[in-house]
Amino acid sequence: MNFSRIILEWYEQNKRLLPWRRTKEPYRIWLSEIMLQQTRVAQGIPYYMKFVEAFPKVQDLAAASEEQVLKLWQGLGYYSRARNLHATAKIITEKYNGKFPDTYKELLQLKGIGDYTASAIASICFGRPEAVVDGNVYRVLARYYGIDLPINSSEGVLYFKELAKDIMDAKNIRDYNQGIMEFGALQCAPKNPDCGSCPLQKSCVAFATNSIDNLPVKIKKNKVRNRYFNYLVLVDENKQTLLQQRKGSGIWQNLYEFPLLESEKYIDQGEVAGNLKELVSLQEPSEIYLYNESKIVHKLSHQHLHTRFWIITFESNLENGIQIAELHKYPVPVLIADFIKTFKI
DNA sequence: AATCCGGGGTC
DNA sequence: GACCCAGGATT
């Protein structure tokens, strides 16, 4: 029995009943695929449920504000996905009359849809013979065929894509594509794969050469940048504070945060006071004190954010202030959300 | 071709 | 602490 046939039979026996597996509706498949980019299925499920309920149709998503979309996306990370999701919903609604295009090529033109997602939608929704290559597929193919070409080199990307096309089952592409990914997620897992019960074991090169733990090969380049964030939590006599929206490039684009004073290292109360006027032009504060007693190091893929929250009180009224009790309504990074949860003035 | 972009689970 | 996750966009 060949590779694709074994995958299909394994999938029939082992597939999970995921919320988006009961439909071929492009809107829902697209939504799930965007959410699952670099994201575990278990983490994505509750977000998928929330979005489907809040926005049953692509037109509903298009009609929402970006702030609403970001708020629902809060905590899932990679927020450009949410911004692109919203932009694409508008395009589909306005220029495609609410219907997704049904070819790889057209899908690829949409914001947030790259090679993987275009292939996934084209195959799952429309039965197009397009091979998906995600992290699971890289791992399964690298092990089964014993390929040590780095999966994140440009040569590797092309090689694995061609290989995936060569061995796919074009007639059963919908189940085959989902099957090989599911197989990678459950059977051929990154750590401790279940080779003992694997239906592909007899012909797996990595198993035969005892190189399961060495494949796939990935070039690593994880240089972490250390940054020092001082958040200025202004508080006035009316229990109001100030929030700003992050603009430009960089992390957390369009999400909200407190006025930020970034420094090269940890700074003290005196330096915070000295820099206060440049960020917010207002009267003299009555007191400034550090809120978090223990260190907060918020870790992103490429950055460690050494964070201090400074409470700065005023015996007057802040202009453009918002009620502290309303903070939870704004889309914010997890770092800020965690602070808001514990913040009691 | 390299780098950036989150947050959380797992070992 | 290191690795990975149903990747894509930018430089």
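Convention: sequence-line order gives letters A, B, ...; per-chain numbering from 1.
At distances below 3.5 Å, not a single donor-acceptor pair connects side-chain atoms of T23(A) with backbone N or O atoms of W20(A). One N or O on the side chain of S32(A) and one on the backbone of I29(A) form a donor-acceptor pair closer than 3.5 Å.
Remark: K57(A) pairs with E25(A), Q59(A), D60(A) by the side chain to side chain contact (heavy atoms under 4.5 Å, CB included) rule, at least two apart or across chains. For E237(A), there are no side-chain hydrogen bond (donor to acceptor under 3.5 Å, both in side chains) partners at least two apart in sequence or on another chain.
V132(A) comes within 4.0 angstrom of nothing in the nucleic acid, heavy atoms only. R225(A) comes within 4.0 angstrom of nothing in the nucleic acid, heavy atoms only. W73(A) comes within 4.0 angstrom of no nucleic acid atom, judged by non-hydrogen atoms across all strands. Residue-level contact check: S80(A) touches neither bases nor backbone, having no heavy atom under 4.0 Å from any strand.
For residues 160-190 of chain A, proximity to DNA chain B is found at no residue, defined as any non-hydrogen atom under 4.0 angstrom from a strand atom. Within residues 104-115 of chain A, no residue is approached by DNA chain B to less than 4.0 Å at the level of any non-hydrogen atom. Residues from residues 22-32 of chain A placing a heavy atom under 4.0 Å of any atom in DNA chain B do not occur.
With rounding to whole Å, Q37(A) atom CD is found 7 Å from dG7(C) atom P. Taking atom CG of N136(A) as the reference point, atom P of dC4(C) lies 12 Å away to the nearest angstrom. One can place CG of D213(A) at 13 Å from P of dC3(C), the figure rounded to the nearest angstrom. Put simply, CZ on R83(A) is 12 Å from C1' on dC4(B), counting in whole angstrom units. Atom CG of L255(A) is separated from atom P of dC5(B) by 13 Å (rounded to the nearest Å). The interatomic distance linking Y79(A) (OH) with dA9(C) (P) rounds to 19 Å, in whole Å. Per the geometry, CD1 belonging to I251(A) stands 19 Å off P belonging to dT3(B), to the nearest Å. Atom NZ in K218(A) sits about 12 Å away from atom C1' in dA2(C), given to the nearest Å.
No option in H306(A), H298(A), H304(A) other than H306(A) meets the ring-ring contact (aromatic ring centres under 6.0 Å, His included) test with Y228(A).
The C1' atoms of dA9(C) and dG8(B) are separated by 23 Å, rounded to the nearest whole Å. The gap from the P atom of dG9(B) to that of dG8(C) amounts to 23 Å, rounded to the nearest Å. Taking atom P in both dC11(B) and dA6(C), the straight-line distance is 14 Å, to the nearest Å.
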Please walk me through it: do N254(A) and Q245(A) pass side chain to side chain donor-acceptor pair (under 3.5 Å)?
CA-CA 6 Å; N254(A) 292 5; Q245(A) 195 172 25; 4.7 Å; no
task: Decide yes or no on side chain to side chain donor-acceptor pair (under 3.5 Å) for Q187(A) and S197(A), but give the supporting numbers first.
output: CA-CA 8 Å; Q187(A) 185 90 30; S197(A) 71; 3.0 Å; yes
Point to revise | Audit row: E326(A), K239(A), salt bridge (Lys or Arg N to Asp or Glu O under 4.0 Å) steps and yes/no | key: CA-CA 10 Å; E326(A) 309 279 291; K239(A) 294 184 178 177; over 6 Å; no
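Contact annotation: Y78(A) does not reach the phosphate of dC4(B) (side-chain N/O to OP1 or OP2, under 4.0 Å). Side-chain nitrogen and oxygen atoms of Q38(A) include at least one within less than 4.0 Å of the OP1 or OP2 phosphate oxygen of dG7(C). Phosphate contact (OP1/OP2 of dG8(C), side-chain N/O of T117(A), threshold under 4.0 Å): present. For dG7(B), one of the phosphate oxygens OP1 or OP2 lies less than 4.0 angstrom from a side-chain nitrogen or oxygen of W252(A).
Across dG6(B), dA6(C), dC5(C), the shortest atom-to-atom separation from the side chain of L36(A) is found for dA6(C). Side-chain proximity of H302(A) to dG6(B), dG8(C), dC4(B): nearest is dC4(B). Which of dC3(C), dA6(C), dC4(C) sits closest to the side chain of K220(A) comes down to dC3(C).
Here Y256(A) and Y330(A) bring their ring centres to under 6.0 angstrom of each other. Ring centroid separation for the pair W310(A) and F258(A) does not come in under the 6.0 Å cut-off. Two rings, from F100(A) and F126(A), have their centers 6.0 Å or more apart. A centroid separation of 6.0 Å or more is found between the aromatic rings of Y231(A) and F339(A).
You won't find any donor-acceptor pair under 3.5 Å spanning the side chain of T39(A) and the base of dG7(C), going by distance alone.
For the pair E262(A) and R227(A), the salt-bridge criterion is met [side-chain N within less than 4.0 Å of a carboxylate O]. Under a 4.0 Å N-O distance rule, the pair E33(A)/R81(A) does not qualify as a salt bridge.
Geometrically, K50(A) engages Y47(A) in a cation-pi contact, judged by NZ or CZ lying under 6.0 Å from the ring centre and within 45° of the ring axis.
Mapping K223(A) and R81(A) onto DNA chain B by nearest heavy atom places K223(A) at the nucleotide closer to the 5' end.
Counted within 6.0 Å of CG on N320(A), heavy atoms from surrounding residues, nucleotides or ligands total 12 or fewer; the atom is thus considered open.
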Restricting both atoms to N or O, compile the protein contacts to nucleotides 8-11 of chain B shorter than 3.5 Å, with distance only.
from   : atom 1 : to     : atom 2 : distance (Å)
dG8(B) : N2     : R40(A) : NE     : 3.2
dG8(B) : N2     : R40(A) : NH2    : 3.4

